[in-house]
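Data block below; observations after.
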Amino acid sequence: MGHTATEQAGSGGLTATEHRLANGLRVVLSEDHLTPVAAVCLWYDVGSRHEVKGRTGLAHLFEHLMFQGSAQVTGNGHFELVQGAGGSLNGTTSFERTNYFETMPAHELELALWLEADRMGSLLTALDDESLENQRDVVKNERRQRYDNVPYGTAFEKLTAMAYPEGHPYHHTPIGSMADLDAASLEDARAFFRTYYAPNNAVLSVVGDIDPEQTLAWVEKYFGSIPSHDGKQPPRDGTLPDVIGGQLREVVEEDVPSRALMAAYRLPHDGTREADAADLALTVLGGGESSRLYNRLVRRDRSAVAAGFGLLRLAGAPSLGWLDVKTSGGVEVPDIERAVDEELARFAAEGPTPEEMERAQAQLEREWLDRLATVSGRADELCRFAVLFGDPQLALSAVQRVLDITPEEVQAVAKARLRPDNRAVLVYEPTEPNDAADTEEGQADQ
């Protein structure tokens, strides 16, 4: 069964069709004959928010295990077959989903669909202690390289744990803890796969130079016989009060290049007008070198070498406004914090200027166009809106919703949320002064 989307206002002429197999797999197709390539994107509705205490990191571990072979594709065969056919591929994990994707020459589309179906339907055939140990070590090394052994590497983990209280489904990050990774058994992994890697818990999008009828026939051929699974429990409720109600704070002394002020503000859930308004507010305040914070801290005061403020959109919990400022020279963090609070208070009192509003909306529109201009980006957006909001068509008109936001809405969300009593703050203090590194970084940024 399927229906064809009508072209929506603000969609740029893009359309998509939706279909559902008998086993529950949702399929979204979008034709684009501009270049002879096709993108396959598969989102599973499972992320770190579905994990339980003591077994964190399983969603991310499975992102890796899915590349370890299946019934008909052994070892590293998935990579070898896709790359040998001239394609590219990868997978990622977040709080709210796990996705896998390939971009192929159009005539190799059937191969990508077969590969995704084979591992969805038969990964357990190949999953054994050896592959589990192999990828457990890979994930632990990834944690060391990206979190534990790089400057400021644990900031995201620390701020997330502060912004979402103990027991909240977003309290831990997708990377998981070393102890939990060590504790995961083969049976844990198998149960996790059976529960979440089922067709009725997934959305498949195919975008590009495709024949929709042939593509759907291949999808039915390769995915149609995979049984559904009804054992999934809904994720725990991520609802929290709009405002934290006090400033949470932690000081970290580490071997870092310079002092840093980082903060996470609790903001509206993704999918709401308020979240779009918050995105515009943070773009005006910290989205690039024309932003207020960059102009104040880096250009005018020269108290920082970098200053940014962006939105981490989340659908199942409050989104996070992410502030990141690296100080210059011997500047103290309290000086930076006072300047930030002055700018946020001024913005809450006055709102954005017409010029700032126009620039921020143009910036977000360009980012949206960049995502939808590529077949892989569009496939990902169609999956995102299907999994998180139930309707892939919303991806095609997302920019119009941003352009409809008024300056008054932007000011209102800033006034209500960008307050000192609604943030978790992380301060980095170098264990030893390193003025030379600060100077070098400042020159590079300017």
Any donor-acceptor pair under 3.5 Å linking the side-chain atoms of [Y] with those of [X]?
{"X": "Glu63", "Y": "Thr93", "value": "yes"}
{"X": "Asn141", "Y": "Arg144", "value": "yes"}
{"X": "Glu102", "Y": "His78", "value": "yes"}
{"X": "Arg97", "Y": "Thr92", "value": "yes"}
{"X": "Ser48", "Y": "Glu51", "value": "no"}

What's the spacing between Glu142 CD and Gln135 CD if we round to 0.5 Å?
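Glu142 atom CD to Gln135 atom CD measures 10.0 Å (nearest 0.5 Å).
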So, Tyr44 versus Tyr196, ring centres under 6.0 angstrom or not?
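No: the rings miss the under 6.0 Å criterion.
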Step-by-step salt bridge (charged side-chain N to carboxylate O under 4.0 Å, His left out) determination, Asp301 to Arg296
CA-CA 6 Å; Asp301 296 353; Arg296 167 72 186 270; 2.8 Å; yes
Please list all pairs passing the ring-ring contact (aromatic ring centres under 6.0 Å, His included) test where one or both residues lie in residues 311-339, with sequence neighbours left out.
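For residues 311-339, and leaving out neighbouring residues, the ring-ring contact (aromatic ring centres under 6.0 Å, His included) pairs sorted by first residue read Phe156-Trp322.
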Are Pro241 and Arg266 side-chain neighbours, meaning at least one heavy-atom pair lies under 4.5 Å?
yes
side-chain contact (heavy atoms from CB on, under 4.5 Å), that's the test. Do Tyr164 and His172 meet it? Break it down for me.
CA-CA 8 Å; Tyr164 302 112; His172 69 277; over 6 Å; no
Note: Glu96 and Ala317 closest approach over all heavy atoms is OE2-N, 4.4 Å
Of all the heavy-atom pairs spanning Ser397 and Arg401, show the shortest one and how long it is.
OG-NH1, 3.0 Å
The test is side-chain contact (heavy atoms from CB on, under 4.5 Å); show your working for Leu267 and Glu274 and say whether it passes.
CA-CA 8 Å; Leu267 293 174; Glu274 293 80 8; over 6 Å; no
Tyr100: side chain to side chain donor-acceptor pair (under 3.5 Å) partners, not counting sequence neighbours:
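Tyr100 satisfies side chain to side chain donor-acceptor pair (under 3.5 Å) with Tyr197 only.
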Assess whether side-chain hydrogen bond (donor to acceptor under 3.5 Å, both in side chains) is satisfied between Thr406 and Glu409, documenting all intermediate values.
CA-CA 5 Å; Thr406 65; Glu409 289 175 287; 3.2 Å; yes
Spell out, as yes or no, whether a donor-acceptor pair under 3.5 Å connects the side chain of [X] to the backbone of [Y].
{"X": "Arg378", "Y": "Ala395", "answer": "no"}
{"X": "Arg302", "Y": "Ser328", "answer": "no"}
{"X": "Glu381", "Y": "Leu396", "answer": "no"}
{"X": "Ser30", "Y": "Thr15", "answer": "yes"}
{"X": "Arg143", "Y": "Ser177", "answer": "no"}
{"X": "Asp45", "Y": "Asn201", "answer": "no"}

Run the salt bridge (charged side-chain N to carboxylate O under 4.0 Å, His left out) check on Arg313 and Asp276 step by step: do they pass?
CA-CA 9 Å; Arg313 288 179 175 263; Asp276 289 336; 2.8 Å; yes
Cation-pi, Phe67 ring and Arg119 (6.0 angstrom, 45 degrees):
yes
Under the side-chain contact (heavy atoms from CB on, under 4.5 Å) rule, what do Asp335 and Thr327 come out as? Steps first, then yes or no, please.
CA-CA 10 Å; Asp335 297 332; Thr327 69; over 6 Å; no
Counting only heavy atoms not in Glu358, do more than 12 fall under 6.0 Å of its CD?
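Result for CD/Glu358: open.
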Take a 6.0 Å sphere around NZ of Lys415 and say whether it holds more than 12 heavy atoms from other residues, nucleotides or ligands.
no
Quick one: salt bridge (Lys or Arg N to Asp or Glu O under 4.0 Å) partners of Glu133, sequence neighbours excluded?
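Glu133: salt bridge (Lys or Arg N to Asp or Glu O under 4.0 Å) contacts with Arg136.
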Under the criterion salt bridge (charged side-chain N to carboxylate O under 4.0 Å, His left out), which of Glu253, Glu254, Glu332 is the partner of Arg259?
Glu332
Please walk me through it: do Gln145 and Val150 pass side-chain contact (heavy atoms from CB on, under 4.5 Å)?
CA-CA 7 Å; Gln145 291 169 4; Val150 295; 5.9 Å; no
